[in-house]
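One structure below.
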Number of protein chains: 2
Amino acid sequence: MESNMNNIERPVLAVDVVIFGIIKDSLTVALNQRDSSPFKGALALPGVAVRMDETLEVAARRALAQKAGWPVDIIDEIMLDQLATFDALYRDSRGRTVSVAYMGIVPESFIYSEKTIMKPFDEIPRGSLPFDHNLILETAHNRLKGKMRYTNIARKFLSESFRIEELQNVYEAIFKRSINRANFRNKLLKINMIEQVKVLTRAVGKKGGRPPHLYRFKRQEIETVDRDFI
Amino acid sequence: MESNMNNIERPVLAVDVVIFGIIKDSLTVALNQRDSSPFKGALALPGVAVRMDETLEVAARRALAQKAGWPVDIIDEIMLDQLATFDALYRDSRGRTVSVAYMGIVPESFIYSEKTIMKPFDEIPRGSLPFDHNLILETAHNRLKGKMRYTNIARKFLSESFRIEELQNVYEAIFKRSINRANFRNKLLKINMIEQVKVLTRAVGKKGGRPPHLYRFKRQEIETVDRDFI
DNA sequence: GCAAAAGTGTTGTGACTACACCCATGG
DNA sequence: CCATGGGTGTAGTCACAACACTTTTGC
């Protein structure tokens with residue numbers, strides 16, 4: 001914080017947004033095609049420069065509206081987490097730009113716009129995105145995995161109620177390993193993270209069998225599952 | 001990221017730095033007296049506005065040199081971690097300023113400057129710091145506690161080799177609870193975080209007794225102690 | 001020989017893993 | 001009557017906490 005706030009040349013401040021979702025048991029990322037240079041036509045994370053009178057989070061939502069073409073009422077439902085700030089001197093060829101990255105999660109029921117594609121995370125090779133967007137995406141992925149370990153953030157991938165198998169799929173898609181069904185269920189119930197909803201679902205286009213139970217998260221808030229180191 | 005990078009009014013970008021240390025078994029924070037308005041004379045976190053040609057981390061080190069008055073060779077030894085970016089619209093009365101906060105740790109052997117005091121964390125009441133510096137400090141404290149749980153960041157509070165009791169004091173000061181000595185030792189050795197250095201220390205001004213063994217961290221790097229959620 | 005500091009051992013509890021088997025129900 | 005999607009139970013291993021006791025060595 002400096003006394004001097006006059007018109008010295010300053011870095012431009014921007015935001016970039018990483019939106020994750022699970023589609024068909026795979027982790028996916030919202031990307032949009034750039035409509036101007038540099039990297040015109042390339043797939044990139046939605047982002048905008050921050051205006052004088054808006055917070056970073058408001059700017060991030062504006063990026064989702066203007067760049068990704070998402071409806072405002074849906075954007076309002078998404079919780080955005082500040083990720084990190086990226087500041088390499090030449091990260092943007094147009095001039096010194098510092099970008100604050102945000103991360104959000106949408107459920108599979110989300111309606112996509114024509115301007116956005118949800119691309120499977122595993123099909124985005126390193127170096128394939130413009131600017132430092134691969135670095136931002138990697139940071140977001142690590143943060144996502146971290147938050148999955150000690151919060152109930154997984155709920156944001158699903159709708160209000162869900163089959164327990166769907167929830168397990170979320171964990172398996174993100175951690176890329178299979179989890180024992182019985183132990184998964186026992187643990188989440190024991191720590192009181194989820195509870196059973198009374199009704200059973202109707203058939204979901206499956207052949208036959210017992211209709212699955214529905215569950216929901218007991219708390220809305222992202223709650224820390226605290227662990228002591230020692 | 002926007003095509004338009006001309007001279008529209010943009011938020012000013014700044015950095016603020018939280019430096020932690022342990023002094024006499026208490027967590028302390030580096031604060032310096034502001035020499036200009038607003039809040040002239042108040043204790044605050046060191047911070048500067050970011051220049052066009054420097055990274056955020058370089059700006060953070062410059063804040064420690066210019067505002068806290070620390071010698072450059074010591075500043076170079078400190079590892080700085082980016083914490084979060086603070087962007088409330090009216091956080092600075094002089095105009096729209098977005099500040100990226102950094103966090104660092106210094107060992108007790110560090111030489112302080114006259115411009116800085118290391119103030120005990122518990123003696124900094126909420127609301128006592130200018131701007132949103134209490135919020136920044138709280139965020140830094142939470143991050144510190146988090147990192148203590150799954151990295152070997154504690155090493156930065158100590159010099160290269162240390163008595164095992166000193167290390168335990170670091171944990172006890174930060175988590176504010178007492179830890180069983182035997183279990184503490186057994187765990188840190190079992191997970192291979194620390195190892196014994198062959199020599200014993202000379203007396204440390206104590207009355208008598210067996211001279212303590214010295215230990216050191218086995219890895220320099222901050223290494224994640226991974227834990228699975230399920 | 002006593003204080004300081006370290007080191008060892010024991011026991012109970014609770015968590016996690018793997019696996020095996022039982023239950024309910026719609027087509 | 002069987003596929004589907006649960007739901008229960010048990011045994012082994014491991015981690016952690018509490019606590020007690022032993023060892024080393026300088027003054």
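In what follows, chains carry the letters A, B, and so on, assigned in the order in which the sequence lines appear, proteins first and then strands, with residues in each chain numbered from 1. All heavy atoms count here, side chains included; hydrogens, waters and symmetry mates do not.
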OP1 or OP2 of [N] under 4.0 Å from side-chain N/O of [X]:
{"X": "B/Y215", "N": "C/dA5", "result": "no"}
{"X": "B/Q196", "N": "C/dA6", "result": "no"}
{"X": "B/H213", "N": "C/dG7", "result": "yes"}
{"X": "A/Q168", "N": "D/dG5", "result": "no"}
{"X": "B/K187", "N": "D/dA15", "result": "no"}
{"X": "A/R181", "N": "C/dC19", "result": "no"}

To the nearest Å, give me how far apart [atom1] ([X]) and [atom2] ([N]) are.
{"X": "B/R185", "N": "C/dT8", "atom1": "CZ", "atom2": "C1'", "result": "8 Å"}
{"X": "A/R149", "N": "C/dC16", "atom1": "CZ", "atom2": "P", "result": "13 Å"}
{"X": "A/N183", "N": "D/dT10", "atom1": "CG", "atom2": "P", "result": "15 Å"}
{"X": "A/I164", "N": "D/dT8", "atom1": "CD1", "atom2": "P", "result": "11 Å"}
{"X": "B/I179", "N": "D/dC19", "atom1": "CD1", "atom2": "P", "result": "16 Å"}
{"X": "B/N186", "N": "C/dT11", "atom1": "CG", "atom2": "P", "result": "16 Å"}
{"X": "A/F162", "N": "D/dG6", "atom1": "CZ", "atom2": "P", "result": "11 Å"}
{"X": "B/R163", "N": "C/dG7", "atom1": "CZ", "atom2": "C1'", "result": "16 Å"}

Working note: A/R181 + A/N186, criterion side-chain contact (heavy atoms from CB on, under 4.5 Å); need CA distance, chi angles, decisive distance, verdict. CA-CA 9 Å; A/R181 183 176 53 79; A/N186 288 337; over 6 Å; no
Hey, does the side chain of A/K67 reach the backbone of A/G47 with a donor-acceptor pair shorter than 3.5 angstrom? yes
For the aromatic rings, using the six-membered ring if either is Trp, is the centroid distance between A/Y171 and A/F184 under 6.0 Å? yes
Assert: residue with more 5' nearest nucleotide on DNA chain D, out of B/K190 and B/N180, is B/K190
Go through A/F217 and A/F162 one step at a time and tell me if the ring pair (Phe, Tyr, Trp, His ring centres under 6.0 Å) criterion holds. CA-CA 9 Å; A/F217 279 86; A/F162 48 85; 5.4 Å; yes
Please tell me whether A/N32 and A/T116 have a donor and an acceptor in their side chains that are separated by less than 3.5 angstrom. no
